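Only one structure is covered here, and it is reproduced in the block below.
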Amino acid sequence: MAGPTILHVDLDAFFVAVEVADDPSLAGRPVVVGGTGTRGVVAAASYEARYHGIHSAMPTARARRLCPDAVFIPGRHDRYREASAAFHAVLQTFTPLVEGIALDEAFLDVGGAARLLGDGPAIAWALRARVADDLGLSCSVGVAPRKLTAKLASESAKPRPSARGPVAGSGVVVVGADDEIAFLHRHPVASLWGVGPATQQRLAGLGVTPVGQLAALPVEVGIRTLGEAAGRRLHDLAWARDERPVEPQRQAKSVGHEETFAVDVHQRPVLEGHTARLADAVAARLRRAGLAGRCVQLKVRFGDFRTITRSHTVTDPIDTGPAVAGAARQLLDGVDIGSGVRLLGVSVSLLGPPPARQLRLDDDPSWREVTDAIDEIRVRYGDDAIAPGAALGAGGVRTRRAGDHQWGPEADHRQGPDRVVGARGEWDDRR
């Protein structure tokens, strides 16, 4: 019987590891990467910092209190994307069946490479060595019969924080078909895909904590508690019934940008300007990817952290800044901003091919021609070469790129009070 052939590869403390590779003086020190301002969040922490209780998504202010001696570094998303591209290029040398799910992790199906490269565990060890030799980075690899358990296996292979620095993990953990159920049942139910805090709380109300208890729960009870779809799906996952293949080509479900402001914004014209900038950035990325969308969503987070979303679906797919901005501004008009806005986001979903450019007698082709010209200018001279008027401030042109200020405002006021700082701009393919 063939052994497991699904691999999950996860780089260890990726952002921090890149920073240490670029600056070896950081090695062995508590290092935190993310937003360095008062509203920033932690993106990654070294194992030395994790020992002090620091973890991703933690507010930077709290991380500073936990470890005042830590080195706090603003994230460099462009650099991480560059390192990620090199990482995924290494993966492609082992098999074309690579499903990237983040900058620093991916699933591989190596079933077709066994004759040339060996079985799943042998490939996992070889891959780990290649990543270390070629990139100077460490990774943990899980090998299992399916994606669910391969991901859990890679987590088991990771290093652990300690007072004296990271304690090396096994590097590779292999879960065979005969051991898969027992391995899965030892994990908490939160390890299953789709189990968030609310679902976890409902299951805890039934006395269900590890996956094994969920598996032993009659499926009818799960359905009554969680609903038909979720109850059946989680029951199947608890028994490792998940046959989703590794998918090399995964189309994004939405494209969006968000902006976290250093100070809550109360002026509607200011928010309209930010909406136009965000919409222009979203539209530009849609066109670059050869996509258009029909659903425009506006996200607003207020000063008290209350968050709302509003969406509008248009008849025909759109991929231009004015079209996205127009829909987003209409949504903003229906929002009471009196309490102040902390974060603003614009995204487009229901993606598909761009609209056909069939010219009607009543069409004005001028904007499409302008859009094409804008794209050509940006390709030749960079994103800052041309931008909507809303992107112009005291510090110059303020365009948005994927990953700009992804983890909140930075502790940097060199550009004066008009400096715009913000958060996430990313592909979201897991909604």
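Quick caveat, the model's predicted, so the values are computed rather than measured.
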State, yes or no, whether a side-chain contact exists between [X] and [Y] at a heavy-atom distance under 4.5 Å.
| X | Y | answer |
| --- | --- | --- |
| Glu99 | Ile101 | yes |
| Arg277 | Glu259 | yes |
| Val31 | Tyr47 | no |
| Val300 | Leu343 | no |
| Val208 | Leu217 | yes |
| Val346 | His257 | no |
| Val265 | Leu344 | no |
| Arg62 | Thr60 | no |

Would you find a donor on one side and an acceptor on the other, under 3.5 Å apart, between the side chain of [X] and the backbone of [Y]?
| X | Y | result |
| --- | --- | --- |
| Arg285 | Gly256 | yes |
| Thr95 | Leu91 | no |
| Lys158 | Gly169 | no |
| Thr307 | Phe305 | yes |
| Arg64 | Ala70 | no |
| Ser154 | Val141 | no |
| His185 | Ala238 | yes |
| Glu180 | Gly176 | no |

Does Asp104 form a side-chain contact (heavy atoms from CB on, under 4.5 Å) with Leu137? I'd like the steps, not just the answer. CA-CA 11 Å; Asp104 58 345; Leu137 302 173; over 6 Å; no
Give a yes-or-no answer on whether the side chains of Arg232 and His235 include a donor-acceptor pair shorter than 3.5 Å.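 The answer is no; no qualifying pair exists.
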Checking side-chain polar atoms at under 3.5 Å, does Ser138 have a donor or acceptor matched by the opposite partner on Asp12?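 The criterion, which ignores hydrogens and geometry beyond distance, is satisfied for Asp12 and Ser138.
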For a quick test of reading the model, state the closest non-hydrogen atom pair linking [X] to [Y] and the distance between them.
| X | Y | answer |
| --- | --- | --- |
| Asp264 | Gly303 | OD2-CA, 3.4 Å |
| Asp69 | Pro30 | O-CG, 4.3 Å |
| Ser156 | His187 | OG-NE2, 4.2 Å |
| Val143 | Gly120 | CG1-C, 4.0 Å |

Should the heavy atoms of other residues, nucleotides or ligands under 6.0 Å from [atom1] of [X] be counted, would the total exceed 12?
| X | atom1 | result |
| --- | --- | --- |
| Arg160 | CZ | no |
| Arg130 | CZ | yes |
| Phe72 | CZ | yes |

What's the spacing between [X] [atom1] and [Y] [atom2] if we round to 0.5 Å?
| X | Y | atom1 | atom2 | result |
| --- | --- | --- | --- | --- |
| Trp193 | Leu237 | CH2 | CG | 8.0 Å |
| Thr225 | Leu234 | OG1 | CG | 11.0 Å |
| Arg128 | Cys139 | CZ | SG | 6.0 Å |
| Ser254 | Leu291 | OG | CG | 11.0 Å |
| Thr275 | Arg329 | OG1 | CZ | 7.5 Å |
| Ser25 | Glu19 | OG | CD | 11.0 Å |

side-chain contact (heavy atoms from CB on, under 4.5 Å) between Ile308 and Arg310, intermediate numbers included: CA-CA 7 Å; Ile308 64 171; Arg310 300 288 185 267; 3.7 Å; yes
Should the ring pair Tyr80 and Phe15 be called parallel, tilted or perpendicular, given that the plane angle runs from 0 to 90° and is split at 30 and 60?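 Parallel.
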Verdict with reasoning, Val90 to Gln92, per side-chain contact (heavy atoms from CB on, under 4.5 Å): CA-CA 5 Å; Val90 170; Gln92 290 284 344; over 6 Å; no
side-chain contact (heavy atoms from CB on, under 4.5 Å) assessment of Leu332 paired with Leu271: CA-CA 8 Å; Leu332 181 64; Leu271 290 174; 4.0 Å; yes
List for me each residue that meets salt bridge (charged side-chain N to carboxylate O under 4.0 Å, His left out) alongside Arg244, sequence neighbours excluded, and say none if there are none.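 Residues passing salt bridge (charged side-chain N to carboxylate O under 4.0 Å, His left out) with Arg244: Asp242.
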Partners meeting side-chain hydrogen bond (donor to acceptor under 3.5 Å, both in side chains) with Asp22 (sequence neighbours left out):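 Applying side-chain hydrogen bond (donor to acceptor under 3.5 Å, both in side chains) to Asp22 gives Arg76, Arg79.
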Between Glu48 and Arg29, is there a side-chain N and carboxylate O pair less than 4.0 Å apart?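 No.
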Pro317: which residues meet the side chain to side chain contact (heavy atoms under 4.5 Å, CB included) condition with it, sequence neighbours left out?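 Expected list: Ala292, Arg294, Pro355.
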Kindly determine whether Glu258 and Arg301 satisfy salt bridge (charged side-chain N to carboxylate O under 4.0 Å, His left out), including the steps that lead there. CA-CA 10 Å; Glu258 295 179 357; Arg301 179 169 296 151; 5.7 Å; no
